[in-house]
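Before any comments, here is the structure.
Throughout, a chain's letter reflects where its sequence line sits, starting with A, and its residues are numbered from 1.
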Amino acid sequence: MRSILAVLLENEAGALSRVVGLFAQRNYNIESLTVAPTEDPTLSRLTLTTSGDENKITQIRKQLDKLVEVVRVVDLCESPHVERELLLIKVSAQGDARQEVKRSADIFRGQIVDVTAQTYTIQLVGPSAKLDAFVKAVEDSGVDATILEVVRTGVSGLGRGDHVLSL
Amino acid sequence: MAEMLSGGDMLIRALQDEGVEYIFGYPGGSALHIYDAIFRQQKIEHILVRHEQAATHMADGYARSTGDPGVVLVTSGPGATNAITGIATAYMDSIPMVVISGQVPRDLIGTDAFQETDMVGISRPVVKHSFMVRDAAEIPAVVKKAFHIATTGRPGPVVIDVPKDTTDPSATYAYEYPSEVNLRSYKPAFAGDRTQVNRVVQALLSAKRPVFYVGGGVIQADAEEPLRALVKASRGPVASTLMGLGAYPGSDEQSLGMLGMHGTYEANMAMHEADLILALGARFDDRVTNDPNKFSPKATIVHLDVDPASVDKIISSDIALVGDAQWVLNTFWEAYQEQESLRDDAARQKQQQDMEQWWQQIAQWRSAHGLNHNLEPKKDQSILPQLAVQTLYRVTEGEAFVTSDVGQHQMFAAQYYHFDEPRRWINSGGLGTMGFGLPSAMGVQMGNPDAVVACVTGEGSFMMNMQELSTCLQYGLPIKIINLNNQALGMVKQWQDMQYGGRHSQSTYSDSLPDFKTLAEAFGHVGIRVSDAMELDAAMEEAFSEKYKNRLVFVDVWVDPHEHVYPMAIKGGAMSDMILSKPQEAAS
Ligand SMILES: Cc1ncc(C[n+]2csc(CCOP(=O)(O)OP(=O)(O)O)c2C)c(N)n1
Ligand SMILES: [Mg+2]
């Protein structure tokens, strides 16, 4: 079971290390982690993706909740939610592959944010699965296209509709 | 007008305002401003230990026996790292403790300065929470929060790391101790859910084979009274964890003694056959459940715990009660009386019959394989360690505070000393820390100056913190140390006998042990040595005699080195799978 945990955390030195430490200490895996302050400067919001059976996810949530600096935890996957991740990819493309890569970027609604005679740097936003599919499409663009570099931000998300995670 | 104080003075003043009686500690460079503040006041007594690990165990013993948080002060670097074992020990058993560690000045943090270690980082996995003082002005608030967090909810150790420059005497601040704390991110459960409690009452009233499975949480919450009332009224048996001994009187006939790996036959059988298990302040430790998949197949499981993360962690419960054990058990007891009084006679009679059958079954287990508490010394035979504990129990009339270390002696103490009151049995259950016994006994004695305090230890464990004999002399602590000397790391040796074909890899050292009697004397204490079973009584009587009331007495009891602790759970089995004797062990 995949789970996207949204966590409100006191924006204090050391708080993040407790969250990360908890995962290491209890042998829970972190697939991705994003964190930044919120509109309230005393709070950080963290989005963490992990996986495990239901018992494990419940334990992870309870253990997170137990950390003194954790204010709230919700599993976004429990209700409709919006999930986004940003990808930057640098591709070396020559000849026909150049057109092919550009076409793929268009299909996936990616934006070319930098270009040289040999390379494209493309930005893409969407759910993780869409990003995976795009990377796969570029890989398959032909012999003259090579992926040079990929960087992803990890998932951020929030609940749809009236669902609000706040104090 | 608020008083103007330096950071160091504020720290000590805050501890005074928190009602702290003792600080257990050891000085060093980063803590010297704080030590100077201690020197210039009289309210708090500082106990100078000989090793920082001992300071933490002392604070721990003080906390376990009094219910008040223990306070530790150490310097940075090695002082802080030496404290880690004791912090982890307290963490595993949920003991309230505040540990203040000196740190290098703020501008040196991160430079690998002399005696710098990342204390907040090193201690992180074994603390309930920690603070690094970033600004001297926040010291009173940090102390307040630390005590609040350490003592509420599921208690635990809290570290305050204090950079030296924040305690500098040259800068002063307006001191005010906050009267309350409000942490939006920390709201421990207190009141439980009444509907859940009512369901539990119904379950108990209709149970045929209930067992109260009682853990240290009941003691922590001072919830023994409603527990005892419930047990008496419902006539259910009580099986106690290692940590729960004393919550219900051990000498009462409804007590089945300890359960688990070395629990009594009747306690483990009752757990296995029960139709209702009331787990109260207990956490289904693997030393209790044996294989969780085979745990108590017929029982409805009720789990009371203050920590929601403990519930459904190992064994999923049918009814969960998250909340303070005192609140929940008081509510439980009230609801029980109410609903019991509404029962008709037929229902009452029916249950009485069921309970009679249950007790008959338990009596059978007891008489078949129960522990023999009437051991007799035999002429020309070595002393059985069990007999030594039984003698201690008799001589102290069951009223001593008993601390212990880790090993066979610890299990014998738990099995053969019946604790009738909570907070009398002090041992490291969760972490199993050898070296805990003596320093924790010292903390117990400081917190209970008039009490009889015995430390049942093994020569291996004792040697892990024996330097504290010197501290005992300094503060006149009249502890009685009962050293069950089997000249070996007995528990390790037992496992090697049972699981490694008797290959005693690194578990014996009989040629190189000190003469403990003269060792004790060298430290200025009384030493007694006894190896003849017929002289055991006299030796124990002498140790606890009026003559030595104010002296530390070390009784070196040479016990039978071949003895094993039984029952012993069969690995991977159910709670009912136990080895009960050497012949059975040999046959299996
Ligand atoms: C600090 C520490 N190291 C190692 C162990 C593992 N251990 C558990 S019991 C034991 C032997 C204890 O020997 P002793 O204190 O003489 O007690 P006995 O079992 O002989 O009664 C050891 C080494 C431990 N519990 N704690
Ligand atoms: Mg030994």
Can you tell which part of B:Ser316 gets under 4.5 Å to a heavy atom of chain A, answering side chain, backbone, both or neither? neither

Heavy-atom side-chain contact between A:Cys77 and A:His81 under 4.5 Å: yes

Salt bridge check, A:Lys136 against A:Asp132: does any charged N sit closer than 4.0 Å to a carboxylate O? no

Ion pair check, B:Asp305 and B:Arg283, cut-off under 4.0 Å: no

To the nearest 0.5 Å, what is the distance between [atom1] ([X]) and [atom2] ([Y])?
| X | Y | atom1 | atom2 | value |
| --- | --- | --- | --- | --- |
| A:Glu83 | A:Arg160 | CD | CZ | 10.5 Å |
| B:Asp118 | B:Ser76 | CG | OG | 12.0 Å |
| B:Tyr186 | A:Lys66 | OH | NZ | 10.5 Å |

For the candidates [options], which exhibits the highest count of non-hydrogen atom pairs separated by less than 4.5 Å from chain B?
| options | result |
| --- | --- |
| A:Glu10, A:Gln63, A:Arg61 | A:Glu10 |
| A:Arg72, A:Arg18, A:Lys56 | A:Arg18 |
| A:Thr58, A:Leu43, A:Leu67 | A:Leu43 |

Find the one option among [options] whose heavy-atom pairs under 4.5 Å with chain A are most numerous.
| options | result |
| --- | --- |
| B:Leu183, B:Val120, B:Asp307 | B:Asp307 |
| B:Gly121, B:Pro188, B:Ser130 | B:Ser130 |
| B:Lys128, B:Lys313, B:Arg184, B:Lys187 | B:Arg184 |

More than 12 heavy atoms of other residues, nucleotides or ligands under 6.0 Å from CG of A:Asp140: yes or no? yes

Counting only heavy atoms closer than 4.5 Å, note whether [X] contacts chain B via side chain, backbone, both or neither.
| X | value |
| --- | --- |
| A:Glu69 | both |
| A:Val70 | backbone |
| A:Leu167 | side chain |

